[in-house]
Amino acid sequence: MSTRTRIAPSPTGDPHVGTAYQALFNYVFAHQNGGQFIVRIEDTDRNRLVEGALEGILDMLEWLNLPPHESPTVGGPHAPYIQSERAEKHRQYAQQLVDAGKAYLSFETPEELEEMRAAAAARGDEYGGYDRRYRTLDPLEAQKRADAGESYVVRLKVPLEGETVVQDLLRGAVTFKNSELDDKILLKSDGFPTYHLAAMCDDFDMGITHVIRAEEWLVSTPIHIQIYRAFGWPEPQWIHTPWLLGDGGKKLSKRTGDVSVKSYRAKGVLPEALLNYLGMMGWSMPDGRELFSVQDMEEHFSWERVSLGGSIFDFAKLKWLNGKYIREVLSLEELASRLHAYLLENSLLENGETLELNTTFRQVVKMLTPRMDLFSEFMAKTHYFWSEDFEYTEKARGVLESSREVLSDLLERLSTLENFSPEVTHDFFQAYALEKGIKLGKVMSPLRAAVAGTLESPEMGPMLEALGKEKVLARVRRALEF
RNA sequence: GGCCCCAUCGUCUAACGGUUAGGACACUACCCUUUCAAGGUAGACAUACGGGUUCGAAUCCCGUUGGGGUCACCA
């Protein structure tokens with residue numbers, strides 16, 4: 001039987017890094033075993049749907065280059081891959097369990113449930129769930145009430161005694177007492193299934209062999225096992241991956257960190273860097289390498305190398321890793337075109353006419369390569385390349401004021417240079433400093449201030465070349481008048 | 001609170017009974033240098049605690065503590 005894994009995200013907001021994390025592990029494991037990676041959208045909670053969220057998730061996977069073998073958009077032999085479209089099937093499954101006496105109709109209202117919980121809490125009961133008041137109701141009687149139009153849910157009749165053991169691939173056997181299990185709702189009063197029913201039925205129907213999901217699901221796994229058993233289906237392999245945590249070591253959420261993949265994309269994080277970073281959360285390469293691709297992961301992945309403690313998402317390290325991709329992985333040509341596309345996509349171009357994907361742009365990108373970790377830093381660090389309308393920083397101003405002599409010298413002599421290639425200007429500066437008996441810095445900083453408006457910039461040679469003689473001279477002139 | 005999971009530098013991690021407990025991010029110096037970076041070198045920083053088992057425990061067992069999760073007609 002071929003290995004089949006899935007992610008089952010809910011379309012309830014921006015695409016979540018946790019979803020990307022799960023997608024990565026599910027994708028890698030499926031590919032490593034020559035199997036299939038499936039995306040199924042879990043939208044049975046009709047109240048929490050967010051417009052566009054489904055597309056957002058699919059877009060994210062495309063951006064990350066983790067294409068599913070089967071999904072709502074590419075389809076597949078088990079379509080539909082949108083859970084709400086399978087609701088009729090879930091209702092049939094629920095009925096099947098009711099008919100078999102493994103589940104029952106239940107008529108309590110949400111308010112009554114609330115009272116039950118409060119009462120159980122007040123008594124200090126160990127079991128704080130549903131009191132099972134309809135579990136023993138005669139099925140015929142129950143059916144009669146349902147037929148009469150009374151609102152009901154379908155609940156699983158879990159065993160009251162004994163234990164349910166979850167065999168987790170990462171943690172071994174995890175034992176739960178059945179007396180602590182709840183008669184979980186399988187079908188809600190709106191006729192839609194809960195996650196418990198829907199996910200198990202769909203996993204079974206879709207032939208999922210390995211359920212790889214976040215640790216938060218571990219404690220509801222005994223219920224899932226009971227559902228499988230009620231149907232008489234063989235269990236999949238359970239794998240509960242370690243937590244991705246936010247600040248303070250709490251579950252990663254909007255409150256504890258940035259969870260939106262869109263937001264990382266907007267910051268100019270490369271998809272391969274994000275994936276690489278996610279890959280080193282909870283897993284490591286056998287040789288300790290930190291820079292690795294999804295392909296590398298497929299080659300070397302094993303559950304044995306997964307560490308179980310949760311990992312705190314550290315943006316500083318992601319940033320560093322992104323910088324590594326910019327500096328060491330992408331070619332200049334690749335970098336330039338992707339950066340250009342990024343700027344276009346985020347409408348960050350300062351001047352659409354001059355900021356084309358041309359030689360100057362490439363020269364500037366090359367200069368910035370060791371100087372940026374994120375694409376979003378690019379414009380702020382290069383604005384003076386694209387416009388004459390730039391300010392002098394406080395420090396630059398100070399230097400300009402005390403260097404008029406050098407600047408006018410420079411203006412005069414620079415204008416006689418044949419060309420502004422780095423070699424020519426480099427020799428020129430050396431000679432000038434030598435002649436004047438001053439340090440190179442005394443020549444460079446005024447010029448830097450004049451040309452860039454700041455004392456922090458790329459090297460002078462390439463910078464002057466990219467700017468060109470005309471602009472450089474004009475800027476020195478402007479600085480002298482300042 | 002009940003139940004469940006987890007526990008190595010601040011952070012991500014290596015070590016699968018024997019290492020001066022290694023690497024990376026961040027941090028601090030220094031080197032390189034026309035500034036800023038990048039790069040290089042160095043430094044500081046960890047096995048939560050207490051019992052066992054063993055000739056020998058970060059590693060195995062138990063307990064404690066700590067952290068997290070979960071107890072929905074949400075997934």
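In what follows, every chain begins at residue 1, and chains take the letters A, B, ... in the order their sequences are listed.
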Side chain of A:Lys317, base of B:A24: donor and acceptor closer than 3.5 Å? yes
What does B:A42 pair with, Watson-Crick or G-U, if both distances are under 3.5 Å? B:U28
Mind checking whether A:His383 and A:Phe390 have parallel, tilted or perpendicular rings, split at 30° and 60°? perpendicular
Pairwise P distance for B:U33 and B:C25, with rounding to whole Å: 24 Å
Looking for any heavy atom pair under 4.0 Å, which part of the strands does A:Gly288 touch: base, sugar-phosphate only, or nothing? nothing
Is the shortest distance from a Lys or Arg side-chain nitrogen in A:Arg362 or A:Glu333 to a carboxylate oxygen in the other one below 4.0 Å? yes
Find the partner of B:U8: check Watson-Crick (N1-N3 plus N6-O4 or O6-N4) and G-U wobble (N1-O2, O6-N3) distances, both under 3.5 Å, and reply none if neither fits. none
Taken to the nearest whole Å, CH2/A:Trp238 to P/B:C4 is 19 Å
Restricting to side-chain hydrogen bond (donor to acceptor under 3.5 Å, both in side chains), what partner residues turn up for A:Thr221, sequence neighbours left out? A:Arg213, A:His240
All N/O contacts under 3.5 Å from nucleotides 30-34 of chain B to the protein, with atom names and distances to one decimal?
from  : atom 1 : to       : atom 2 : distance (Å)
B:U34 : O2     : A:Arg448 : NH2    : 2.1
B:U34 : O4     : A:Glu459 : OE1    : 3.3

Show the nearest heavy-atom pair for residues A:Leu187 and A:Gly191, with the distance to one decimal. CD1-O, 3.7 Å
Tell me the interatomic distance from A:Leu321, atom CG, to B:U13, atom P, rounded to whole angstroms. 14 Å
Atom CZ of A:Arg305 and atom C1' of B:U59: how far apart are they, to the nearest Å? 15 Å
Round to the nearest Å and state the distance from A:Met285 atom CE to B:A24 atom P. 17 Å
Give me the distance, rounded to whole Å, that separates B:U64 from B:A58 when you measure between the P atoms they each carry. 22 Å
Under the salt bridge (charged side-chain N to carboxylate O under 4.0 Å, His left out) rule, what do A:Glu377 and A:Lys319 come out as? Steps first, then yes or no, please. CA-CA 11 Å; A:Glu377 298 166 348; A:Lys319 221 177 109 172; 3.7 Å; yes
Steps toward side chain to side chain contact (heavy atoms under 4.5 Å, CB included) verdict (A:Arg46, A:Lys188): CA-CA 11 Å; A:Arg46 310 311 287 166; A:Lys188 296 179 274 187; over 6 Å; no
Single hit among A:Val364, A:Leu330, A:Leu339, A:Ile326 for side chain to side chain contact (heavy atoms under 4.5 Å, CB included) with A:Thr369: A:Ile326
At a heavy-atom distance below 4.0 Å, what parts of residues 165-181 of chain A sit against RNA chain B? A:Arg171, A:Val174, A:Thr175, A:Phe176, A:Glu180
When you compare B:C73 with B:G69, how far apart are their C1' atoms, in angstrom units rounded to a whole number? 22 Å
Determine, stepwise, if the pair A:Glu272 / A:Asn276 fulfils side-chain hydrogen bond (donor to acceptor under 3.5 Å, both in side chains). CA-CA 6 Å; A:Glu272 44 272 75; A:Asn276 188 160; over 6 Å; no
Centroid separation under 6.0 Å, is that true for the rings of A:Phe361 and A:Phe385? no
Give none if B:U70 has no partner; otherwise give the nucleotide forming a Watson-Crick or G-U wobble pair with it, both distances under 3.5 Å. B:G2
Quantified in whole Å, what is the C1' atom distance between nucleotide B:A46 and nucleotide B:A14? 13 Å
Anything under 30° is parallel, anything over 60° is perpendicular, the rest tilted; go ahead and classify A:His196 against A:His224. tilted
Base-pairing assignment for B:A15 (Watson-Crick or G-U wobble, both under 3.5 Å): none
Test side-chain hydrogen bond (donor to acceptor under 3.5 Å, both in side chains) on A:Ser106 and A:Tyr130 and set out the steps. CA-CA 11 Å; A:Ser106 200; A:Tyr130 172 59; 2.8 Å; yes
Angle class for the A:Phe428/A:Tyr432 ring planes (parallel below 30°, perpendicular above 60°, tilted otherwise)? parallel
What is the base-pairing partner of B:A57, counting Watson-Crick and G-U wobble geometry with both distances under 3.5 Å? none
Could you check whether atom CZ of A:Arg404 has more than 12 heavy atoms from other residues, nucleotides or ligands sitting under 6.0 Å from it? yes
Nucleotide opposite B:A21 in a Watson-Crick or G-U pair, distances under 3.5 Å: none
Please measure how far the P atom in B:G68 lies from the corresponding atom in B:C31, and state the result in whole Å. 45 Å
Check: A:Trp386 ring centroid to A:Tyr384 ring centroid under 6.0 Å: no
B:G50 and B:G18, which share atom name C1', separated by this distance in whole Å: 24 Å
Can you confirm whether A:His90 sits close enough to A:Asp202 that some side-chain heavy atom of one is under 4.5 Å from a side-chain heavy atom of the other? yes
On RNA chain B, nearest-nucleotide positions of A:Ala316 versus A:Gly282: which is more 5'? A:Gly282
Reading nucleotides 70-75 of chain B from 5' to 3' and marking B where a protein heavy atom lies under 4.0 Å of the base, S where only the sugar-phosphate is that close, and - otherwise, the string is S-SBBB
Check whether more than 12 heavy atoms from other residues, nucleotides or ligands sit under 6.0 Å from atom NZ of A:Lys366, and answer yes or no. no
For A:Phe313 together with A:Tyr264, are the ring centres under 6.0 Å from each other? yes
Any protein N or O atoms within reach of nucleotides 39-49 of chain B? Criterion: under 3.5 Å, listing atom names and distances.
from  : atom 1 : to       : atom 2 : distance (Å)
B:G39 : OP1    : A:Arg327 : NH1    : 3.4

Determine the Euclidean distance between corresponding P atoms of B:G23 and B:A42; express it in Å to zero decimal places. 10 Å
Please work out which of the three classes, parallel, tilted or perpendicular, describes the rings of A:Tyr134 and A:Phe107, given edges at 30° and 60°. perpendicular
Nearest-nucleotide wise, let me know which of A:Ser307 and A:Glu215 is further upstream toward the 5' end of RNA chain B. A:Glu215
A:Tyr384 OH to B:U35 P: how many Å, rounded? 15 Å
Selection: residues 363-374 of chain A, any non-hydrogen atom under 4.0 Å of RNA chain B: A:Pro370, A:Arg371
In whole angstrom, give me the gap between the P atoms of B:C12 and B:U20. 27 Å
